[in-house]
Structures are given as C-alpha cells and as structure tokens.
Amino acid sequence: MGVGTYLALASVLFGIGAVGFLTRRNMLIQLMSIELMLNSVNVVLLAFNRAYPANHDGQVFAFFVIAVAAAEAAVGLAILIAYYRIKKTIDTDDASLLKY
Amino acid sequence: MQLEVPQQSLLLLIILFPLGGAIINGLIGRYMPKGLVTVVGVGTVAVSFALAVASFIELYGLRHEAEQATLTYHFYEWFSLKLPAGDVVPVNVRFMMDSLGGIMTLVVTGVGGLIHLYSVGYMGEDEGYARFMSFLNLFMASMLILVLGSSVPVMFIGWEGVGLCSYLLIGFWYENRDYASAGRKAFVVNRIGDFGVLIGMFILVGVAGSFEFTDINAAAMGGQFRPDFPIWVSGVAPSLATVACVFLFLGCTGKSAQIPLYVWLPDAMAGPTPVSALIHAATMVTAGVYLCCRLSPLFITSDVAMSIIAVTGTLTALLAASIAVVQREMKKILAYSTVSQLGFMFAAVGVGFFAAGFFHVFTHAFFKACLFLGAGSVMHAVHAHGDADIFKLGGLKKDLPITRWTFLASCLAIAGFPLTSGFFSKDEILLGAAAQIYRRDDPLMTSVGWFTLIGLSLAAVMTAFYMFRLYFLTFTGDYRSADQSGDHPYDAHPHESPPSMSIPLIVLGIGALVVGFLGLPHVMPITGMHLPSWWSEWMHASVAGRPVPEELHIVNLASGLAFGAMAIGIGGAWVLYRNKNTDALTETIPARLYQLAFDKWRVDELYAAIIVNPIKKIATVAGRADMTFVDALMTRLPSFNVRESGRILSRMQSGVVQMYAAVMVVGVVAVLAWFWTPHSHIEATFEDTSVELTTPQGIGYEYRWDANSDGEFDTQWDRVPGTTFEYARDDIRGVAVFLSNVQSGVERRVRVTEDWTPLPVESVVPADLRSPHDTGFEVRVDGQDLLFRRPGARTKGEIRLPMGRDGRLGLARVFARPVVEATVEVRNAFGNTRRATKEIALPFSVDAPSHASLMPMTREVVR
Amino acid sequence: MSSLMGVSPLLLLVAAGLAIMLVDAFTKERAELALVTAASLFVGAALAGALLVSGDIAPAPDLVTRYLAVDRLGLFFDVVICVGAGLCALLAGGYLREHGFERGEFYVLIIFTAFGAMVLARAVDLLSIFLGLETMSLGAYALVAYRRTSARAVEGAVKYFLLGSFAAAILLFGSALLYGATGHTDLAGIQDVVAAGEADATLTILALVMLIVGLAFKVGAVPFHMWVPDSYEGAATPVTTFMSVGVKAAAVAVLVRVLVGAFGDPVSMSLYTGWTPVIIVLSIATMVYGNLAALVQTSVKRMLAYSSIAHAGYILVGLAAAHEVGSFAVSSVLYYIAAYTVSNVLAFGSLILMGSKGKEAVSYDDLAGAGRRHPMAAFPFVIGVLSLLGMPPTAGFFGKYYVFSAAVQAGGPMIWLAVLGVLASAVGAYYYLKVIVYLFMREPEEDQPIAVPMQSMYVVAALVLSGYYVMKMGITPSRYLDWAVSAASSFVG
Amino acid sequence: MTTQYLTWLLALPAISALVVLLMPRSWETAIKRFSIGAMLVELVISIRLVLADYSDAGYHFVEHVTWVESFGISYKVGVDGLSLWLVILTTLLSPIALYASWGSITTRIKEYAFSFLLLELGMLGAFVALDLFLFYVFWELMLVPMYLIIGVWGGKDRVYAAVKFFLYTMVGSLLMLIAILYVVSSYQKLAGHYTFDLQELSTLVLPALPQYLLFAAFALAFAIKVPMFPFHTWLPDAHVQAPTGGSVILAAVLLKLGIYGFVRFAMPLFPVASEAIGPILAGLGVVGIIYGAYTAWVQRDLKKLIAYSSVSHMGFVLLGLFAMNRTGISGAMLQMINHGISTGALFLLVGAIYDRRHSRMLDDFGGLAKVMPWYAVFFVIITMSSIGLPGTNGFIGEFMILAGSFFSRSPIGFGSAWFIMTLLAATGVVFAAVYMLHAVLRMFWGRVVHAENESLTDLNRREVLSLLPLIVMVFWIGLYPKFFLDKMNPAVDSFVSEFTVRYHEGRRTSEPRLVDFEELADRFEAAGGLAMAQPTDEEVAR
C-alpha cells in the first residue's frame, strides 16, 4: 500500500473528527473528536516516515503528539469539570454569557 | 505743462487735525467738560479750514506757472502689489491737491466747519455730544482723505471711512432700532458700490500699472484703455475703459445715491440734522461726482459708460423729484431733492460736462446745506424730533425770520432763480445736454442728449415746484400746530435758534445766492456776449470735458428751458400752496398715482421682493442645510454607517462555540479556495522588437502561451512562466491612440476605427479657452495615417499624422501604437486551469520601416 | 566551544518556575511571589537584552539549535515576552490581592506560559513549534480558567480551549503534511526543499493553508479570531493582558518564522500566487472587523479585546510587506509588537488600577468621572489609549508609522492596504477617545458610584515602567529600532 | 554658534508644561502666573526672530539634529518669511487666550494651563518644523490638548464637538501620513537613503499622476483644517462648545495650519497637481466665502456666526493662495494673521459677554451700547477689521487677495474663470458687512429689552488688557502693513519662482527623479522663464 492510502484514511479520520467537533454540543464528545483529529495526524506522520526512512522524525513527532494529547485532555477535563460545577451541564450551547 | 510741488506737509495737517479731534473726543470726550469738547471738535475743523485756505492760496499762486499745478505730500508706502508682468506697484499713502481737490477741500472744511458750529447749538444738549463731535470729526478726516488722496486705494480709505461715519451717525440715536437699521442699510448699500470700486480699481491698475490718479489719467489719454474686454461666453467685448468705468460708476451710485442704489439716502435722514446737512447733502454724497471728475480723462474715453451715467443721472433726477413732490416731511423732501440734484450732477458728467457737474456740487453744497440746517432750525424751533411734517407747520416766517430768509434764498437757488448760484450751475448742465443734441456725427450721444435735456427740464420743473411747496407750507399760511389739535402737534410757540445755529445759516444763505458768479456762462444768452468764467478756467487744469458750445441758439435753448422750468415750478407752487393749509395736489392728480409716488414708487418693496428676500431665503436655507444636509453628508452619514456596520459585525460574535468553529472552517475554505484557483497577470517587457511576456510564478504552476491570441498555443505546458515573441503584421489587432495632456500629464487611450471618433475634449483644449459647443477633435484611421479634424469641418481642414510618429494636438501629445493581444493559460497543482488575455500596445512599429502593416483588419479595430 | 548561553533566558525561567512552585508549596506566609516572579522575568529580559545588544552569541549545542533558534530574532522576542509577562505579573500582584484570589500557582503558570511562548518564538522545527504552542496554550487555558468560580472565566476558558485545540489540530495536520511534502521537520530543511521547487506542490499548499490557519488563530486574525473577545473578557484582567501581549507576540514570531522563513522564497511569497495575498486579505478583514466591532462595545475590556484584534491586523500589514522589503517589513513587525506590548500593558494596567475591591472597572460607565477625581490615576490611561490610537509622540505612533511605512515601501497594492489601515485606525480613534471622554468629560449616572483606584505599588510600578517605555519608544525610538532591525536582519539577511 | 532660539521656543512650553504638571493643584495663582509668564517669555523669544534679516528667501535660525538616523528623521527647524508671522501670531495669541480664560475657567486650572502649554508647543512646532516627520508629530500633537480643552472645559455638547473635531482632523491627517511615506519611499528608491528633510525631498520630482493622489491626500488634511467648504462642519460645533480661550486659539492659530501646510508642503512638493487642482480649491474657497457669509447671517448664536464667518474668511485665504502669484499669496499670508487677530478678538469679546450673561444668543441682547459702551467700541472696531474697512488690517489682506486672484494666470488679468471668481469673492465683502452689522445691530443698538442686561458691567481690566494688543495690531497692520509684508515678500517671491520651475519640471517628467533645482532655476532664468500654464499659440492647433 502506498502513502496515498494512509493519507486517505487519515483525511477521513480528520474529517470525522472535525465534523464531530462542529456538530456535537456535548463537550466530552467534542474533546474526543479533537483526540480523533490528533490521531489522524499520527497516522499521517507514521505513513510519511515510511516514505522518508532516513531518520525517525515522523515517529518521534507522533510520540510527542500522543503525550501532548494526554496533557491537553487533562487540562480540558479540568476545565470541563469547572464548567460543570457552575452550569450543571456540559452542553456548549449554554456557554453564551459572553457574546457580541 | 505740469508742476508738482512735493512734501507739502500742510496737506497732511489738514487731515490730521480733525483726526486728532476725533480721537481725543472719542477716547476722553465723555469725561471732558462740554466746552472743551466744543473747542476740540469745532476748533480742529476750523484749523483745518485755515490750513486748507493757506494751501489753496499757495496752489492758486501757482496757476500762472504751470497749466496743471499740484501740491503733493508723500507720507509713506502703504503696501505694494506685484503685477503679472513682474512690476511692483507701490501703494503710497500720498496726498495731492490740485484745482479740483482744492475746491473740494475748501467746501468740505468750510461748509463742514459751519455745520460743526451749527451742531454746537443743535446737539449741545444731547448726552452723546462728545461722541457726536468725535464722529463728525472722524467724518471730516475721512472726507479729506477721500478728497486729497492721490491714488485710488488712498481715496478708498476715505471712501469707506465716510461710509463708516455715515453708518455711525445715521444710527447716532442708536436706542431707536429703526435708526440703527437705517445706518446699517446705508453701510451695506454703500458696500455694494464699494465692490464696484474695488473691481474697477483692479482694472485700472492692471492697465495703467499704477494706482495714482495722474498716471491712470495719463494712461487713459494715451489710449491704453482702448483694448477689448471679452465677456465670458456672451460674445460682447466692450472696451476696458467701459468696463472699468461701469464698475467705478457702480461705486458712485452707491455713494452718491443714484439708481439703483439710492434707497439708503432717504432713510439716512434718521441721523441728526447736521449730519444730514454735512454728509448726506453737502459733502459725502458728492464723492461719486468727485471721483468721476478725478478720472474724467478716463470716463470721457468711453461713450458707452458716459451714456449710462447720463441716463442713470437723468432717471434718478426724475424719479427722486417725482417722489419729493408729494412727501410731507421736511427732511424727506430735502433728501429726495438731494438725490435728484445728484442726478443732475451725474447727467452733467455723463454728457461730458464734468466742470459743470462739479460746479453744481459746489453750489449745491451751499444751498442744500443751508436748506437742511434751515429745516433743522425749524425742527429745533418747534421741538420736532426726527423729522417735521410740513402740514403741521406753517406761517413760521413771523417767528423764524432768519431761518425764513435764508431758506428762501436757498429755495430760489435750488429752483434756479436767475442770478442765484443754482441758476448758473443748472444752466450749465442743461447747456451740456443741449450741446449733445447737436453732435450730429454721433447718434448715441444725440439721443442721450435729447433724453437728458428733456428729462432734466422736467426734473427742474418739479424741483422748483416741490421746493416752493415746502417753503410755502412751512413759512406761509397759519401755524397749524398753534391750537395743539391733531395728533402729535408740535410746540405751540416756536422760537428762533441760537446764534451758533443762525450764523451758519446766514453764511450759507448768502453763499447760496452769490457763489454762482464764480461760474458765469461763457456766452450770455440772448445777447451772445462772451463772459469770463473763472470756474471753467480753474477746473480746466485738472478736469477733462467735452467742448462748451459757443453757438447762441444752443445757449438760448438751455437758458430758456432753465428759466421756463423755474417759472412753471414756482408759479405752480405759488398757486397751489401759498398761504394754504392743505395739500391741493391731492385733488389735482389721481389718488392712486399720488399714493404710489408718496410710497416712493415702492422701490424699497420691490428690492425687498426681488433681491433682499430671495437672498435671505437662500441664506436661511443654507443655514439650515449646513447643520442638517451638509453635516449629515460629511459627518453623520459616514459615522452612522461605520457604527451600524460595527453593530452588525459584532452580532456575528454570537457566543456559540460551534458557530465560532464554523466561521473558522469558512476561513479555511476561503484560504483554500484562493490556492485552489490559479492566478495570472501578464506583464510585457520590450527589447528591440521582441516582446518578453511573463506571468507570476506559483507553487506547482504550469503555463502555456498563445502570444498572439490566434487560438493556437505557441508553447507546451511548462514550469517556466515566460516566453519571448516577435510579432508579425498579421498579429496586429488594431490601433490605439494615446493622448498625453501636457499640463496635467494625464494619459488617455482612445479607440480608433475607420470612422470618425471624438477625442476627449478636456485632453486637447484648455478649460479656459473652451466654448460650450467645443467638441475638440475627431480622429480616424486612414491607411497608414491618422487623420484629425474639427467636427463638421471640411476635409481640407484635416491634420494627417503618420502612425508611429508622435505629434502635438492642442494640449495633448499624441502618439499611435499598434495593439496586439497575448493569452496565457495557467494550470496549478490541483489541475485547475485559467486563461488570461491582455492587450499590449507595442512601443515600436511592426514590420518596420513600412507602416502599411498597421492597416486595420476590420472596421472595429480595438476591442 | 558551544554553550547554553544563548538559551539562558529559557533556562532561567524554568528554574524560577520550579523555585516558585517549591516556595509556594512550603511557605505559609504570603510571600511576595509577584515580586519574585516579575523580578525573575525581568532578569530574563535583561539577560536576553544583554545578549541581543552584545551581538556575538556563543553557538549552542546542535541538540538545541536543531529545535530552538539561537538568534537575535529569538532574543528580541525573549525580551518582549519577558517584559510583557513581568509587567503582567506585577499587575497580577496588585489585582489578585485586591480582589482576593491570590494563589501561588498563578505565578507559576505565568512563568511557564511565558516559557512556552519563548520556546514557540524560537522554534525552528515543526516539532518544537507544536510543543511550544501547546506548552503556552495549556498554560493560557489554565490561566483563563483561573477564577474557577466565575462563570464568565470558565466559559471563556471553555471556548478558548475547544477552539484552541481545534486550531492546534489543524496546525498539526498541516505540519504532518508539510513533513510529508518535504521530508523535513526543521524549517531550514523545509525552506531548502520548497525554494528548490522539489516539494510536492499539492501537499505543500495544503500544509501552508493549514499552518496559516493555525497560526492566524493564535494571532487572532479574522476570521479565526472568534475566541478572542470572549476569552479576553472572561479572563482576569492581568491574564487578558498577558494573552494580548505575550501569547500574541509568540504567535507573531512563529508566523514570521514559518512564512518568511520556511516559505520565504519568491514563489511562495508572490504577490499574485503566494501567501502574501492571503495575509493581505486577512489583515484587511482583521483591521476592519476589529475596529468596527470595538466601536460599539460598552465594556472597555471587551473593547480592548477587539482592539487587540485590530492591532493583529496592523501587524499582518507589516508581514504582508515582507514579499517586497523582507528585512524592513520584519523589523517593522518586531517594533510594532514591542510597542504594542508596552502600550497594551499600560492600557490594561490602567483599567486594573481604576478598579478596587468589589468594584472592578470593566465598562465605560465604570470609568465615568474617575479622571476628574483622580487625574494622576487616569493619566496613564490617557497615554495608553493615545499610544494604542497611534498619536505621536508615543510608541504606538512610531510602530504604526513603521508598519505602514513598510507597506508603502513595498509599493503597488500595498499602498492601498496602508491607506485602508490608516482609515481603519481612524475609526479606532473613536473608541479610544471614548475612554478619555468617560474619564474626564462625563459624570456617572445619579446613583452610580465613582470608581476608586486601587492602592497598589505593584500596579503603579507596572504602569510607571510601561508608561516610561511608551514615551521613550515614541520620542527616542532609535535604540529599539536598531534592535528590531538587527533582529530582523539576523533572520532575513 | 548661533543661539538656539527655536529650540528654546519649543523647549520652553514643554518644560513649563511639565513644571505645571508637578505643581500642586492648590497653587492656582502660581500656576496662572507661571504659565502666562512662560508664554510671555515665548513672545519675547519669538520677537527676537523678527529682528533677523529676511531680505533673502532662505530659512533662518535653522537647527538640524538627527533624531532617528535609520529613517532619516531629524529634528530640523527654521523660520522664513512664510512662517515667521504665524509663529508670532501663535506666541501673541497664546498668552492672550490663556489670560482671557481666567475669567471663565475656574476649575482644574492646572490641567488647563498644562493643555494650553502643550497646545502652544504643538502649534509652534508645526510652524517651524522643516522635517515632514517632525511636522506630522507636532500636527497630531496639537489635537490632544485641543480635544481636552473642548471636551473638558467646553459647553453642553462638548463631548460631541470634541470627538468630532478630533476624528475629522485625524482622518484627514492619516492619509497625509501615507502620502508622506510615499514621498519618502520614492526618494529613498532614487537616492538610496531615507530622509524626511523637506529641503532634500524638494529635489524629488514626481510624475503627474502620483502628484495628484499625493496632493489630494495632503489637501484633504489641510482642507479639513482650514476648513474648506464642504469640510467645515466640525468648526461651528467646535467653536460653539469650546471655552473662550479654546475658541480663540482654534480660530486664530489652528485654522492657519491648514493653509500653512499647503504653502510649505503640498504646493512645493506637488506643483503639477496644485496647478491643476488649485483652481478647484480656490473655487471651493469662493463657495466658502459666500456660503459662509450666508450661513453666518442667519445664525442666532453669536459664536456660530463668528465660526461661519471664519469659513468665509478662510475662503479668501484659499483664493489668494491658489492665485499663485506674489500678491495673492502675500495677501493670503497676511489675511491669515488678520483673521487670527480679528476673529480671536471677536471670540474674546463673545467670551466676555458670555461670562456675564451666560448666553450667546443674539435674541438675548440688544441695546448693550448703552450699558457697556467700551465693549461696544471694541466690538465695532473689531467688526470693522473683520469686514475689511480700509485702515484696518482686514482691508489689506482682502485687497491683496482679490488683486492676486484678479491678476492670476494671465498677463492682463482677465482669465475668465478667475475674473468671475474674483467678482464672486468680492461680493463676500458686501456680505461680510451684512452679517457682521446684523450682529452689531442685534447686540448693541436699540433699547435694552431684557432686564438682565441692564446691570451688566463694562469690560474689566483683564479683558481690556487682553484686547488692547489685538486692537493695536488691527491698526498697525491696517496702516503700516509694509513692515509685515517686507519680511514676507522675498520668501513669497522665491516660493512663486521655485514653484514655476518645479511645475515645468514636473510636467516634463514621466518617472520619479531627483533634480538640482538651483541649477535648473538658473537655466530657467536664463531662458527668460515661461508663461505659466498657458499653452503658447502654436500649441493650440486650431
């Protein structure tokens, strides 16, 4: 299989993540959509690393992405909890105090 | 021969004394005792008079040494102008006394002094006495500057200065707002005239290169004012002299109360009577005549202007006299009489008898001042304030003998009773008019002469009539306020005025009778005897004029008319008014006509309706529009738009996260769309005859070229974004003509076909040389040439310009270029393609040296 | 002989951050953490400044330079970010205490966020860009959510976090594609491949689009600005200040490094086909939108948020000019961001100063009449808004002059961009003046209290410092100008 | 080493402003005395400037210090005949305006004095700057203190007026900034270095099209400041709302900066454009003359009336300026001084009555001549100056402007458009009498109808003291303008001749280039000069 196939897969994953992020109101699911997008990036990185076997830049990059995604999730969940404490919901539509 | 005596500091002192008086009285007068105010006010004028006499004597002594003797005093340089030719024209504060100015100075200081004296009695009790004296002195100073100023701008200081004083003095009793309004009216109307003087002055200096009267007159005599003055689009081109004179005369109509600007003078009677006598009868209002005399060599060169002046003067004389006939108030009658007499003077000027006109100024100063002062004396006697209704007076000859006799003397003079001063001066004017009738070579002046002669005779009849109507109703019959009936009767017991008032009356009354002998006619009527005329000889030195006729029949005609008019007028008044108490005239003429004349022919109302009110309306509209329309357009509308778009834009910030993300996605799509489509932009550079075509490079772009747009690509898809091409004659798509405006540098391109195409007129013809129907040029291609022509002109008027060569057409640099078209197709990394086409005007000819190749292929040569 | 001297400001911050964390954990008394934080940040700034001025920086180990640039551009941003963060720490020292939520972790977060920003500003590898960006962003998310009992703060944090992660994902995908297109993750390598035209065009373009979008988000360019007003308004004012100066500066730095660096070849920068027109359009949209939306705000804080969007637009004008006058344009961007940093701190700081316990000044109405009663407290506010507005002789004027000058120098359509820019900034005059109007020319409504300025030496110190630099960079800009020029020339030659 | 008078002239207000800022606000008297004292010292320094020899056209007291080297920005100042009297006008009117303000300004004395000193700094700086950047800095610097003066100490709608004033002026000047940058950038591309030095930039010749755009940008900034119809609508608002001192300075000095900008910068730098657009601006000036007069006539608020009269008067100045000959330009320069004096004095007078009566409505007055005779005397004198009575200053200016416009553009002086413009402008002289005397009539003549007016007191010592210098100037300029014109004329002469050379050079060029104008002027002179703007007969191929 060529790089193209991986790329197509990654694009689909990225698209699903983006659409999920755009359409869902539940913050948890949005968070998961973002994780999906990050993972699609990992696929791309790994696939390309196969095309450029001279070094392991792509794979190293992917490790860092995984690590950062975890950190991001931690901060995100913390914010989510704070949000839930105040609003008693995790629906993003209710975050409409700040506008205009 | 001319003789100029420089640095006569007396001239300056003549002016400075009254000016000093004005300043002293104005600043500290109100804190000074009344006596001191009088001393300062009257004393300075008296000194001024004495200095004037001394100067005059000196001038008089020079009369044998030179034909034109002048005393001058150069004070300092005021400022300077630079004319287009590069000459710097200094405007000097310089004074000059010649024969004309000398007489005028004497009149101003002499009569003025008497009136100052009179004011001591008349105004002594007024609380604003010091102020009054100050203004009066200021007036004297301004008037003297007007008279003695040796150049137009210096004269203009006085000219406007007297206007200011007139304004201040008319509104002297400012607590009455009507009086103050009258003052304002006087000032504004005068300003309209001053506008004319200002413009006239520019023309004078533009032609003569100097502001000095002597230089201007010399230029006029040298014919420098003869060239035409084309008036924009009208096609009329009067001479420069005419235009200058008409503008100057506009000024004169303002200052000297002629049609159409006379309306302020009757209202000006709101001022205290001495003011009316001094400013609005004896001196200021004659300034216009004085100016005409000053510039008589200029005026006499323009028959058109002279005719306008003569006709205006005659019409004014008639109109004012007709109004005066039916008025009821003393000062009003005298005011219209002044307007009428000024009309006489201008008529004289208009027929070229400047000396005669000025002689009338001279005599008029005496009798009209005397009349006004007499009227003032009457009002003082009966305690009338403002003005006196003659139908409430009557029989005053018993109580006011001095006033009565001096008044009678002046009435006789103004009516032209033989051997009084008015007789001589009026006779001379009629003679001038009569003389024109006999100028058979000049139809314009002949008809003007007829008009003037008949008009003035009629006016003279009316003059004699209304003056004696005034006299009889005031001084004969019964005193109609004696029984204190009727509304607002006057004091039941009139009394003669104090000596400070009667002395001036006596002096002026005598003057009114005798000063005429200075200007005896050249030829005695009937007898044909030649008489020595001191006046015309003296005036000859500084005033031009048409020749005085010597023929006896002309003299007889003029004198006969003058005498007849006087006789009819006085006779009529005698019959209708002597010892009468009512206005018999109301029964003899139709009531509506009477009323119309009484309402001054409703000229004020007419002006209000057609000039003042429309302007006021425009002003009101402008005033309202400024804060609504203009401000809205310039500020509120833009600011409203900005604010509202801000409001709408900030609504985009809805607060919903998904919406925010969606906007981001839209942004992503937009950026992607930019890269999705290929972009191109053809640039052409020329080297010799080859053209290098390039388009910007893009990431992953490929290009193919069709340099001559013939539908076949010259190159294959390639990463290199350029190509080089040599165009052949078949590639030419047409011809473009470029017009480069040499003034503005703006370049325009014009399509050219085999049909005539108009060129943009503004590129070719300068704006100020363009007439409304000017369409400039048309152009078409003819084989290898370009043809230009004026639209509608015959073929032979065409201009031929070989293509490839540059030419000049009016304001434009013209060159023709062959036009080709290049196409490029671009393909980007996403496989999208796009075509771009550009017209290129080649800066060289193709297939040189023959231009035949430029022959257009089709009729429509440039798309 | 390699040395870590070139990255010493970074190391210093890490050490300071850890130290403060320890101090905070083990002391009970209220230590003057704000002072310590500000001091360490200023020391960092001084260190970077000294290196910047001295000119010769000892080469760092390859391991470092592979990921972090040790150049004057980086040092310049070190100075800007450290100064901005230090001033914000001072502001926080007053603000948090006055409003009663001072806790040690705030200062730690500030330091680490600043550290992330500095890493980002120096990043020369896609990986370090990502890491720096995330370090900075995570800190910033936490800082926004710091007042966790406030609904507004948490809401702002939610929006910031969600959109920020989304943008980061896009950026990351772009990075991956770029890696695919060129085979390199380091910008220098990418630049070589792209300039040689050897990169896969489709992937390169897609990557470029995604990188522009991801970075434009951080800069706050329209239409990727949507989070800015909300999270700026929600966050505590010192945090807002820091986000508008430090975070933005870092984003601008990496934008410069990516666009003018990696995509700095003439083809990628082309005015007709490259990224320049995209930046031009973004800058137009940003300037117009920012100014117009700021016009109708009733809250000063939100107005300043929108105005910071507008200022991002002016910065993009300078960036867009880079296709023609590279070094000049970049130095104008640098000068602008520096001037903007001090001006914005001054304005936000004055807003902080105008509030006191229980009555934070947020809206225009809160300011009504305050200037009349406390002219000395209102005076820095006037200077601050005048500088943001671009009145001479302030730093803001010179910055604006510089970016527009770059645009005019670039010629062609860029001149019209400059014209549009000045017109947009004329609109800006209205809302900045409104601050002065409320301070000096309005009286509060009948029953409304008049703002009482807080008494805090921290805030006063921050204001004095920033005010001093606002005036100094406006009246004698030469020195800072030279710094900016040398920093830019170290990068674009 | 000459003494750095100009630097002192600029430093003094700046230092004094700082000193005032540091004084405690309770020292009101000290602040008043100190600020007036500083301004009087300014006056003395500026009078020293008059003593120089202005018979040659160049700049005097030039100081040149590099400011920002990499951009070629320098602190370069100097005066010549064009700016000299404007500097004097500023230093004369600033203390007068400040002194007169103490009648009505009773709060925030310190800030007021501070603003005024800063304002004076800005105005003087703009007049003496010979570096475009420096000029722009001072030009903008002026806005803030004026904005504060209107906004803080003004009338009821002061905020609206202040913001309008600020924004209006700012919009115009920002485009000018871009234009300046363009000029500098064009210069840099040819010469290889940046400079904002006016004299160096003057060697740059641009082709016609950029000249048009750049001139338009400059002209917008200046026309708004003048203010030229239809950009004048900020003026009535600003004047009506500003406190007396602010109005005086606004009318007397600030408006002059617009015209000065034209003369100093826009016209020499873009001669082709000014030759082409100038007549249009002059035409708008004429519209302003008449329109301003009409609108002034129907105003009921005295301050508004005077504000519109400013529009009318400044229309004259525009007309004279674009007549492009010495008479017109000298007249315009002088008329600026005249307008400063007479309108400044009028605003002082309005302020005096407003302080007493708290009204400026004409309807509220009448018969004041009875109650306040000296006030009436001063008012009438200034009115006469304003309507240009010979013997007062107004006449000289208007006379020269009309003459200049009359003789503009052709040897004998009858180019049709200019002839008509002159005629129309001259009617403005009539209308000036109409509206001013209307005001005088409503104010002073008639009976005292309002009981409140019966107890008004006449001018006090402070008011008389602040008016007297202006009255003296009215007659000094009116009777001996040569003193002023002689210092001005050489500069104007050289301005006109340089303009001609530049104009022809600009017309000829299609690419930006640098030219040595001195050499060119010599050649031009040797060739006998060319008739301005008129194509020769051969050129008009008919």
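Chain letters run A, B, ... following the sequence lines, proteins first and then strands; every chain starts at 1.
For Thr92(A), the part lying near chain C is the side chain, with the backbone staying farther off; criterion is any non-hydrogen pair under 4.5 Å. Contacts of Ala293(C) with chain A are absent, with no heavy-atom separation under 4.5 Å from either backbone or side chain. For chain C, the nearby parts of Ala82(A) are the backbone and the side chain; heavy atoms of each come within less than 4.5 Å. Of the two parts of Ala18(A), the backbone and the side chain both hold a non-hydrogen atom closer than 4.5 Å to a non-hydrogen atom of chain C. Proximity to chain C (any heavy atom under 4.5 Å) is shown, for Tyr83(A), by both the backbone and the side chain. Only the backbone of Thr182(C) has a heavy atom closer than 4.5 Å to any heavy atom of chain A. Contacts between Thr149(C) and chain A at a heavy-atom distance below 4.5 Å involve the backbone alone (N, CA, C, O). Only the side chain of Phe130(C) comes within contact range of chain A, judged by heavy atoms closer than 4.5 Å. Using a 4.5 Å cut-off between heavy atoms, Arg66(C) touches chain A through its side chain atoms alone.
Rounding to the nearest 0.5 Å gives a distance of 14.5 Å between OH of Tyr232(C) and CG of Leu98(A). Annotation: the span from Phe61(A) atom CZ to Leu131(C) atom CG amounts to 7.5 Å, rounded to 0.5 Å. A distance of 10.0 Å separates CZ in Phe166(C) from CD in Gln30(A), rounded to the nearest 0.5 Å. Rounded to the nearest 0.5 angstrom, Tyr100(A) OH and Ser299(C) OG are separated by 15.5 Å. Atoms CG and CG, from Asp57(A) and Leu127(C) in turn, are 8.5 Å apart once rounded to the nearest 0.5 Å. In this structure, CG in Leu172(C) is found 8.5 Å from OG in Ser40(A), a value given to the nearest 0.5 Å.
Top candidate by heavy-atom pairs under 4.5 Å with chain A, chosen from Ile170(C), Val154(C), Asp230(C), is Asp230(C). Between chain C and the options Gly58(A), Ala67(A), Ala51(A), the largest number of non-hydrogen pairs under 4.5 Å is found for Gly58(A). Taking chain A as the reference chain and counting heavy-atom pairs below 4.5 Å, the highest number among Ala151(C), Gly180(C), Ser150(C), Ser175(C) is found for Gly180(C). Taking chain C as the reference chain and counting heavy-atom pairs below 4.5 Å, the highest number among Leu31(A), Val44(A), Val41(A) is found for Val41(A). Of the listed residues (Asp94(A), Asn42(A), Asn49(A)), the one with the most heavy-atom contacts under 4.5 Å to chain C is Asn49(A).
Here the shortest heavy-atom pairing between Ser96(A) and Lys159(C) reads CA-NZ, 4.5 Å. Shortest non-hydrogen contact noted between Gly76(A) and Phe161(C) is CA-CZ, 3.2 Å. Phe48(A) and Ala176(C) make their closest contact through CD1-O, 3.6 Å (heavy atoms, listed as atom of the first residue, atom of the second, distance).
Glu155(C) places a side-chain N or O within 3.5 Å of a backbone atom of Leu97(A) that can act as its donor or acceptor partner.
Leu7(A) has its side chain within reach of Leu203(C): a pair of non-hydrogen atoms, C-beta onward, lies under 4.5 Å apart. At least one side-chain heavy atom of Leu162(C) sits less than 4.5 Å from a side-chain heavy atom of Phe21(A).
Annotation for Arg25(A): atom CZ counts as buried by contact number, over 12 foreign heavy atoms lying within 6.0 Å.
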